Amino acid sequence: MPRSALTGTRIRERRTLLGLKQAELARAVEISPSYLNLIEHNRRRIAGKLLGEIARELHVEVAQLTRGAEAELLDQLGQAAADLPQAGAELERSDEFVGRFPGWAALVQAQHRRMQELQDRIEGLSDRLSHDPRLSSAMHEVLSKATAIRSAASILVETEDIDEAWRRRFHRNLHGDSLALAESAQALTSFLDSEDEARTEAGTPWEELELFLESQRFHFPALEEGGQPGAVLEEATELTPPAQDLARHYLERYRREAAMMPLDHVVAALEAGLPDPARLAAETGLPVATVLRRLASAPQLPGQDPVGLVFCDGTGQVAMRKPTSGFLVPRTGHACPLWPVYEALASPGRPVARRLAHSSTAGMPVQAYAVAEPRWPFGSDGPCLSEAWMVLLPQQEDPKASVLPVGSACRVCVLADCPARQEPSVMASGL
């Protein structure tokens, strides 16, 4: 294993070698599977008692997982240099730097980690500022109250002979609006700070559908066995009527496609390695989009990361997503123009395959497959309305394989001089 492998990566590789599921190891060391997933993708540091318990469950010494604190420090410095190549860091002298100035090296490591955390937070907040309807409403409320206070104050200042009764009325309005502004500002602050709420509450029917599908991990055993969507929806009491309609359409298609491409065929394709959806489509006689959706609906296999899924409407808006490890997808709105899902939208019916590396994460590269389905809801005389699907299959790093660096969206992308950039980034791109 190369020295660049981090502790989390070693834990994942050892767990996979033993045939342990992520949930099984998490249960054994009394942490959540999601937290273990962050550790395995080097998004959370690990040491002390927890590291010892994981090493015991994996039947190895702690040193085999850590390779020493110095090795991890070298790994982090290498990642920092890769993220900012224009700094001209002398990678060949990193061992000397760590040996002679361990304190400064640790400071660079801590600053790089902090930059990554802030970058993740900026991406999340930017996404919410752009697309969260509740946040938009809260901002409108604050601005409305501030405007009302300014108008009333201007009248009081500029009108010298105002009637006393009207003056008292303006004072009451100012008092009431100022209290309302304080409450709105407090609510807005709480909302921006509530990251967990942003992940568990939905503001649109599509977000409700996404959260519902996430709660089932995008897999419905009853429908795989020929069950009816109505029975599944009877238990989804949290969905509003519009979201119920979207869910019914999604589940009815799920049932039809499960009958056309049985689950054992899907699992066999995933277990065999990197499935080519176009080839699978040719073998089964099914549309490529059906194969993509079936791959994303399979349960997570032992030792493998979940298959990600992105759905875009004809305008390029990301309407629904199934996240996968190490690849950030905006909650809603437009994403990185380099994603193959947009290339697919430009050529409906033609599959597009690209190996991608996300610029904002330290995760593994993903193999992306995308295709757009043309629809003619108005008949042959009407417009063609296409919708695009893209699956994301996490892959191991391969130095010989070419990858396309991409981001989440231009506003929060760290790629400098990107030819596809459509707007300036709020992320620091230089020294």
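The structure displayed is predicted, hence computed values, not measured ones.
Taking the six-membered ring where tryptophan is involved, the planes of Trp389 and Phe311 are tilted, since the angle between them lies from 30° to 60°. Aromatic ring orientation, Phe212 versus Phe220: tilted (interplanar angle from 30° to 60°). Ring planes of Tyr342 and Trp339: parallel class, angle under 30° (limits at 30 and 60°).
Using a cut-off of 4.0 Å between Lys/Arg side-chain N and Asp/Glu carboxylate O, Arg15 and Glu40 are scored as salt-bridged. Remark: Arg321 engages Glu210 in a salt bridge, criterion side-chain N to carboxylate O under 4.0 Å.
Minimum heavy-atom separation, Pro229 to Leu223: N-CD2, 3.8 Å.
Interatomic distance, Ile54 CD1 to Arg14 CZ, rounded to the nearest 0.5 Å: 13.5 Å. Note that OG1 of Thr324 and CG of Asp305 are 5.5 Å apart. Values are rounded to the nearest 0.5 Å. We find the CZ-NE2 distance between Arg56 and His59 to be 10.0 Å, quoted to the nearest 0.5 Å. Considering NE2 of His358 and CG of Leu415, their distance stands at 9.0 Å, rounded to 0.5 Å.
Although no hydrogens or angles enter the test, the distance criterion places no donor-acceptor pair under 3.5 Å between the side chain of Glu57 and the main chain of Leu25.
Applying the 6.0 Å contact sphere to CD of Glu30 captures no more than 12 heavy atoms from other residues, nucleotides or ligands. By the 6.0 Å contact criterion, CZ on Arg253 is enclosed, its count of non-hydrogen atoms from other residues, nucleotides or ligands being greater than 12. Around atom CZ of Arg350, more than 12 heavy atoms belonging to other residues, nucleotides or ligands sit under 6.0 Å away.
No hydrogens or angles considered: a donor-acceptor pair under 3.5 Å links the side chains of Ser297 and Arg294. Donor-acceptor pairing under 3.5 Å is lacking for the side chains of Glu373 and Ser386.
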